[in-house]
Amino acid sequence: MPREVIFTKVFLISQPISAKRKANMKEYNFSGIEKKWQEYWETNKTFKTEDDFSNPNKYYILDMFPYPSGAGLHVGHPEGYTATDIIARYKRMKGFNVLHPMGWDAFGLPAEQYAIQTGTHPAVTTNKNCDTFRRQIKELGLSYDWDREINTTDPGYFRWTQWIFIKLYSTWYDHKSDRGRDISELPIPLDVLKAGDEARRKYIDSKRLAYYDDAQIWYCPSCRIVCANEEVLTDGSHEKCGNRVVRRNLKQWMLRIPQYAERLLTGLDKLDWSEGLKEMQRNWIGRSTGAEVDFKVDGHKEIITVYTTRPDTLFGATYMVLSPEHPLVGTITSPEQAKQVEEYISAASVKSDLDRTDLAKDKTGVFTGTYAINPVTGKRIPVWVADYVLMGYGTGAIMAVPAHDERDFEFAQKFGIDIVCILSPAVADPEQKKRIIAGRECWSGDGIYINSSNSELKITLDGLNVEEGIATITRWIESKNIGIHRVNYKLRDWLFSRQRYWGEPFPVIHWEDGRITLLDEKELPLTLPELEVFEPGDNGESPLSNATDWLWVTDSEGRRGKRETNTMPQWAGSCWYYLRFIDPKNESEIFNKVLEKYWMPVDLYIGGAEHAVLHLLYARFWHKVLFDLGIVSTDEPFMKLFNQGMILAFAYQTETGARVSSDQITEKDGRFYITGTDEEVRQIVAKMSKSLKNVVNPDDVVKNYGADTLRLFEMFLGPLEATKPWDEKGIRGPHNFLARAYRLIANRENITEGEEDPEILRVLHKIIKKVTEDIEGLRFNTAISAMMIFLNTALKKEKITLNTAGNFIKLLSPFAPHLGEELWQLTGHHDTITYEPWPVAEEQYLNEELFECPVSVNGKMRFKIDIPVNLPKEEVIKTVLADERAQKWIGTATPKVIVVPNRIVNIVV
RNA sequence: GCCCGGAUGGUGGAAUGGUAGACACGAAGGACUUAAAAUCCUUUGGCCAUAGCGGCUGUGGGGGUUCAAGUCCCCCUCCGGGUACCA
C-alpha cells in the first residue's frame with residue numbers, strides 16, 4: 001500500500017478538532033491518546049514476556065515492589081517505575097528479551113490494624129488496595145507483563161516462602177567448605193553422640209540456620225509486637241509507630257545470618273552498586289579483626305575471655321569490664337559488693353527501657369570487688385560491671401585500656417582508675433605528646449610502644465609501631481595458649497517472628513513433649529485460619545492463638561501439638577519475590593530451574609535507598625543459602641542496583657508548628673499565607689507524609705497533564721539519584737514539549753518527502769547518540785533536554801522528513817510511550833512501536849567541518865573563531881594569532897599558545 | 001562523634017581539568033486577539049557601560065596545584081542520609 005493512502009486513512013480517524021482551534025491544526029489530546037493505547041496494550045498483551053531461549057540477550061529489570069497502602073500511589077512511586085520502564089522499552093527496541101514484572105508486598109501491619117478497628121479482614125483491604133495500585137500503575141503506561149503479577153499474601157506464593165523457611169531450618173553452615181549444607185550432612189562430634197539423643201538434637205538445633213530460642217528482644221507495647229533490632233530507632237522508638245519499645249525475653253524464631261557475614265561482605269566487591277551503598281552494607285556487617293584473650297581471675301577458677309581489636313595494648317590494660325548480663329558476674333562478685341552489683345544490674349535493665357541515648361552519654365559502673373590478672377604485667381586489675389559493654393558483641397567482656405581507648409579513658413577518669421600510657425604517640429605537638437604520655441589525654445592512633453615488655457615472659461613490643469605490635473602480641477598470645485586471633489561481626493542473628501495475624505504462618509508444630517517439627521513440603525501451604533477478632537493477646541501473643549480449631553493438632557500416636565502462633569515478618573515475602581517472577585504460576589516447584597538459569601541474575605534493580613541495608617542484605621542472605629543448596633544458579637541476585645532519590649514536597653507550618661495542607665496556602669511576594677487570612681506560614685521541604693499533609697497523588701497530575709507528561713516531568717526533574725523537591729510549577733515544560741512534538745508531527749503538512757535539511761540531520765544523529773548513551777547511564781534528564789533541543793531545531797525549520805520523524809518518535813517513545821505509539825501510527829505504521837529497532841547514530845552526520853573554537857587569553861575566554869576540524873596545531877596557532885582580536889590582548893609580547901585540538905586555544909601572555 | 005553524599009542564576013538543573021549557567025520553569029517586553037487563554041518572537045547571573053563594541057565579577061568560604069579549576073589537593077562552614085559506647 002502506498003504511504004500516501006495510509007496517511008489519509010489514519011488522518012481520517014483522528015481526534016475531533018476543537019472549534020476554537022485553527023481550522024486544520026491538530027492538537028495534543030493526551031487523555032484520548034493515553035486511554036486508547038492503554039487499551040491496545042492490554043488487549044494485545046504487548047508486553048507479555050516469552051521465555052524465548054533462542055534470544056540469548058535477556059534483560060531482567062526489576063522495581064522494588066510496593067506495599068499497597070490504603071493511600072494509593074504518591075508521586076514518588078512513578079519515579080523509579082518510570083526509570084525502569086524507559087530502560088525496559090529501550091532494551092526491547094534493542095532486541096533484548098525483557099523481563100519486567102510487578103507485584104505486591106502485601107502482608108503488613110496497616111491492613112491488620114484496620115482489621116482490628118473495623119473487623120474487615122486484612123485480605124479484603126489488601127485486595128482493594130492492590131486494585132487501586134494496579135489501576136494507577138496501568139494509567140502510567142508502565143510496560144509490565146501483568147500475567148506475571150504476584151502477591152505475597154497469595155497462598156500460591158507464600159507456600160514457597162514457607163518452603164524456603166523449611167530449607168533454612170534444615171541447613172547448617174559448613175565453615176570448612178564455606179557454604180550451607182543440608183543438615184543431614186552435619187558431622188556430629190563423638191562426645192555429643194555419646195551423650196544421647198537429646199544432646200544430639202540440641203547440637204543439631206544449634207547449627208540450623210533457623211532456630212527457636214529464648215531471645216532478649218525489643219517489644220513494642222503499642223503495636224503489641226516484637227521488633228527486630230533494626231526496626232528500633234536510635235532513640236528507642238519503634239520505626240513503624242514511633243512509640244517506645246521495651247526489652248523482653250520471649251521465645252522467637254531467629255535466623256543465623258552472621259554465618260554468612262563473610263560471604264555477604266566479600267560478595268559486595270563484584271557487584272555494580274554505588275560505593276556508598278556497599279559501604280553501608282559493610283558497616284552494617286561490621287567486620288573487625290582482633291583477638292580473644294583469657295584473663296585469670298584472682299581467687300577464682302573462672303577465666304574471663306575478652307575480645308579486643310587492640311591486643312597490642314595489653315600492657316596498658318588497667319581494669320576489666322563485664323557487661324551487666326555477663327554470666328560470670330554473679331559468680332565472681334565479692335560478697336561485700338554483691339548488693340551494689342545487683343542493684344546496678346537491675347537498674348541497667350530498666351535503663352535500657354528508658355532512654356538508651358541520653359543516659360548513654362554518662363558512663364556508669366560498679367566494682368565487683370574482684371581482681372583479674374593482667375597476663376603480661378602480672379598485675380592485679382579490678383573487674384567492673386558497666387553497661388557500656390554490650391553482651392551481644394564479642395564476648396560481653398573487655399579489657400580496658402584507658403590510655404588508648406576513649407570510652408575506657410572516660411570511665412577511668414570518672415572512677416579514678418589507673419591510666420597507663422604504653423604508646424608514645426605519633427603527634428607533632430610536644431605539649432600534647434607530654435599530656436598523652438602522662439595519661440592525661442587519650443590516644444588511639446599510631447605510635448611507638450613504651451613500657452611494653454616483660455623479659456620474664458620473653459615478650460616485648462617496645463620500639464614497634466601498632467601494626468607490628470598487633471602481629472607480635474597475637475603470635476605470643478597464641479603461643480602461650482591464652483588467646484587466639486579472631487574475626488568479629490556486628491551483624492546479629494535476625495529475629496524472624498512477629499506476633500501478628502497478617503503474615504506467613506510458620507509451618508511449625510510445637511509438641512507437648514517440647515519437640516518441634518516442621519510440616520512436610522507436601523503439606524504446604526499452611527494457610528491462615530479465618531478469624532473474627534484480630535486483636536493480639538495481652539502478653540504479646542499473636543491473634544492466631546485464638547484460632548483454636550486451627551491451633552491444635554494431634555499426631556497418629558495421639559501426641560498433642562500446637563501450631564506456631566507467630567507469623568513471619570514482612571521481609572520474608574520480599575526476600576525472594578524476584579525469583580517467583582520468573583515462573584509465577586508454577587504449582588509443582590518454586591520455579592523451573594531452566595527458566596531460572598535463563599533469567600537470573602536481575603540485571604538492574606531500582607528502588608529507594610531506605611532499603612539499602614535491610615531488604616538488600618536479607619535478600620542476599622536467602623539467595624546465598626538457595627545457591628548453596630543448588631536451588632538458584634547465581635551467588636548474588638542483583639548485579640546492578642541503583643537507588644533513586646527521594647521526591648520531597650513543600651509543606652507548610654504555622655508558627656505553633658501545626659501543618660497546613662498546601663491547597664490552603666496562598667503565595668504573596670515570596671511569603672506564604674493561609675488562604676483568606678493574614679496568618680503567615682513557613683514553607684519547608686520534607687519527605688511526603690500524611691502527617692505533613694504534603695502527599696501529592698499522581699491521579700490529579702495524570703488528569704490535568706497526562707501520564708506521558710508526568711513521566712517526562714519526573715525524569716526531567718534532575719538526576720535519578722538526587723533528592724529533589726516536587727514543584728509542579730515546572731511541569732509545563734515537559735508538557736509543552738510533548739504538545740509541540742505532537743503539533744509538529746501529527747500535522748501532515750509538516751512532514752515532507754525527499755532530502756532532509758543537513759542541520760536537522762546533524763542534530764538528529766547527535767541526539768540519537770546522546771539519548772542512547774544517557775539511557776544506558778540512567779541520565780534521563782539530559783536525554784530529555786537533548787530531545788528538546790532537536791525539537792526546537794525542527795520547529796524552526798518547520799518541516800522534517802518522514803524518516804527523521806520516525807527516528808525521533810522512536811527516541812521519544814520509551815519516555816512518552818502513549819504519544820510515541822500515537823505518532824508512530826499517525827506516520828503510517830500499523831503495529832506497536834514497542835519492538836521497532838532503536839535508531840543508530842551515523843558517524844557521517846556527527847562530524848562537522850568547522851569548529852567554533854573558543855580562544856582564551858590567560859585562561860579567560862575572549863572570543864571565538866571558526867577553525868577547520870583537525871587543523872594541525874601550527875596552523876591553528878597561525879590562524880588564531882592572525883586574528884586582530886588576539887592582537888588586542890597580546891600587544892608586543894611573544895605569547896605562549898596552548899592548543900587543545902578541537903577544544904580550546906589558550907594564549908598565555 | 002564516625003562514615004557517605006551534597007552546596008552552581010529568582011527556581012529545577014547542565015558542564016570527559018578546556019566556552020560556567022545547556023535544557024526547562026518563572027519573570028519582563030512584544031506579535032496575534034474586541035479581550036483573555038493558547039501560540040509565537042525577544043530579553044533574562046550580578047555590576048558597570050551602552051548608539052554600537054565592550055569591560056569587570058561570578059559555581060558555600062579560605063588557601064594551593066595547573067597554561068587552564070564548578071571539576072584535582074588541603075582547611076573551614078552549612079545541609080541531607082546512614083550509624084551510634086561494636087571494645
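Chain A is the first sequence line, chain B the second, and so forth, proteins listed ahead of strands; every chain is numbered from 1. Owing to the predicted nature of the structure, the values given are computational and were not obtained by experimental measurement.
Taking the P atoms as reference points, B:rG70 lies 15 Å from B:rG63, given to the whole Å. A gap of 34 Å separates the C1' atoms of B:rG64 and B:rU11, to the nearest Å. The separation of B:rU77 from B:rG62, taken at their P atoms, amounts to 15 Å, rounded to a whole angstrom. Remark: the separation of the P atoms in B:rG10 and B:rG45 is 10 Å, to the nearest Å. B:rU16 and B:rA31 are spaced 42 Å apart, taking the P atom of each and rounding to whole Å. Taking atom P on both nucleotides, B:rC75 is separated from B:rG5 by 15 Å, rounded to a whole Å. For the C1' atoms, the distance linking B:rC23 with B:rU8 amounts to 15 Å, nearest Å. For the C1' atoms, the distance linking B:rC85 with B:rG80 amounts to 25 Å, nearest Å.
If you check B:rA36 for Watson-Crick or wobble pairing at under 3.5 angstrom, you find it has no partner at all. A 3.5 Å limit on both hydrogen-bonding distances identifies no Watson-Crick or G-U partner for B:rA69. The nucleotide B:rG54 finds its pairing partner in B:rC48, both defining distances of the Watson-Crick or G-U wobble pair being shorter than 3.5 Å. In a base pair of the Watson-Crick type (N1 to N3 plus N6-O4 or O6-N4) or a G-U wobble (N1-O2 and O6-N3), with each distance short of 3.5 Å, B:rA7 is matched with B:rU77. The partner of B:rA84 cannot be assigned: no Watson-Crick or G-U wobble pair with both contacts below 3.5 Å exists in any strand.
Using a cutoff of 4.0 Å between basic side-chain nitrogens and carboxylate oxygens, A:Glu759 and A:Arg762 are not scored as salt-bridged. Residues A:Lys769 and A:Glu773 are paired through a salt bridge, judged by an N-O separation under 4.0 Å between the basic side chain and the carboxylate. A salt bridge links A:Glu262 with A:Arg287: the closest approach of a Lys/Arg side-chain nitrogen to an acidic carboxylate oxygen falls below 4.0 angstrom.
Of the residues near RNA chain B, A:Leu390 and A:Val900, the one whose nearest nucleotide (by heavy atom distance) lies more toward the 5' end is A:Val900. If you find the closest nucleotide of RNA chain B to A:Leu277 and to A:Ile784, the one lying nearer the 5' end belongs to A:Leu277.
Nucleic acid contact class of A:Gly276 (heavy atoms, under 4.0 Å, all strands): sugar-phosphate only. Contact annotation for A:Asn906: base contact, defined as any heavy-atom pair under 4.0 Å involving a base atom. Using a 4.0 Å heavy-atom cutoff across all strands shown, A:Ile789 reaches sugar-phosphate atoms only and no base atom. Using a 4.0 Å heavy-atom cutoff across all strands shown, A:Asn488 reaches no nucleic acid atom at all. At the heavy-atom level, A:Ser274 lies nowhere under 4.0 Å from the strands shown. When heavy atoms are screened at a 4.0 angstrom cut-off, A:Trp889 is found touching the sugar-phosphate backbone but no base atom. In this structure, A:Val401 reaches neither bases nor backbone, as no heavy-atom distance under 4.0 Å exists between it and the strands shown.
Put simply, CD1 on A:Ile285 is 19 Å from P on B:rC3, counting in whole angstrom units. Distance CD (A:Glu79) to C1' (B:rG12): 13 Å, rounded to an integer number of Å. B:rA24 atom C1' lies 15 Å from atom CG of A:Leu795, rounded to whole Å. When the P atom of B:rA38 is taken as reference, atom NE2 of A:His735 falls 11 Å away, rounded to whole Å. At whole-Å resolution of the value, CD in A:Glu279 and P in B:rU83 are 14 Å apart. Between the CH2 atom of A:Trp284 and the P atom of B:rG81 there is a distance of 16 Å, rounded to whole Å. Rounded to whole Å, atom P of B:rG80 lies 19 Å from atom CD of A:Glu721. We find that CG of A:Asn283 is positioned 14 Å from C1' of B:rG5, with the value rounded to whole Å.
Ring planes of A:Tyr319 and A:Phe411: parallel class, angle under 30° (limits at 30 and 60°). Between A:Phe415 and A:Trp384, the ring planes are tilted. Angles from 30° to 60° get that label.
Here A:Arg740 reaches the OP1 or OP2 of B:rC40: one of its side-chain N or O atoms lies under 4.0 Å away. When the side-chain nitrogen and oxygen atoms of A:Asn643 are compared with OP1 and OP2 of B:rG81, none of them lie within a distance under 4.0 Å. For B:rA22, neither phosphate oxygen OP1 nor OP2 lies less than 4.0 angstrom from any side-chain nitrogen or oxygen of A:Asn792. At B:rU57, one or more side-chain N or O atoms of A:Lys860 fall inside 4.0 Å of OP1 or OP2 (strictly under the cut-off). Phosphate proximity of B:rA87 to A:Tyr393: present, with a side-chain N or O under 4.0 Å from OP1 or OP2. Distances shorter than 4.0 Å separate none of the side-chain N or O atoms of A:Thr723 from OP1 or OP2 on B:rG6.
For A:Arg903, the listed nucleotide lying nearest its side chain is B:rU16; candidates were B:rC23, B:rC67, B:rU16. Distances were taken from every side-chain heavy atom of A:Met788 (C-beta onward) to each of B:rC23, B:rG13, B:rC25; the shortest belongs to B:rC23. In the set B:rC85, B:rG18, B:rC25, B:rC25 carries the atom at the smallest distance from any side-chain atom of A:Arg732. Closest to the A:Arg862 side chain, of the nucleotides B:rA87, B:rG55, B:rA22, is B:rG55. Listed nucleotides: B:rU19, B:rC23, B:rA15. Nearest to the side chain of A:Thr782: B:rA15. You'll find that the side chain of A:Met861 is closest to B:rU19, out of B:rU57, B:rC23, B:rU19. Closest contact between the side chain of A:Arg743 and the listed nucleotides B:rU39, B:rU19, B:rA68 involves B:rU39. Set against B:rA22, B:rC25, B:rU19, the side chain of A:Asn736 has B:rC25 as its closest nucleotide. For A:Thr308, taking side-chain heavy atoms from C-beta onward, the closest of the listed nucleotides B:rC40, B:rA87, B:rG13 is B:rA87. When the nucleotides B:rC85, B:rA14, B:rA87 are ranked by their closest atom to the side chain of A:Asn781, B:rA14 comes out on top.
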Check step by step if side chain to side chain donor-acceptor pair (under 3.5 Å) holds for A:Gln887 and A:Trp889.
-> CA-CA 5 Å; A:Gln887 286 305 317; A:Trp889 291 98; over 6 Å; no
Side chain to side chain donor-acceptor pair (under 3.5 Å) between A:Asp774 and A:Thr782: does it pass, once the steps are laid out?
-> CA-CA 7 Å; A:Asp774 281 354; A:Thr782 48; 2.8 Å; yes
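Side-chain atoms of A:Lys864 and base atoms of B:rU19 include a donor and an acceptor less than 3.5 Å apart.
B:rG62 adopts an anti glycosidic conformation, its chi angle falling more than 90° from 0.
Judged by distance alone, the side chains of A:Tyr393 and A:Ser323 never bring a donor and an acceptor atom under 3.5 Å apart.
Cation-pi geometry between A:Lys363 and A:Tyr388 is satisfied (NZ or CZ under 6.0 Å from the ring centre, within 45° of the ring normal). Remark: A:Arg620 is positioned above the aromatic ring of A:Trp273, its terminal NZ or CZ atom under 6.0 angstrom from the ring centre and at most 45 degrees off the axis.
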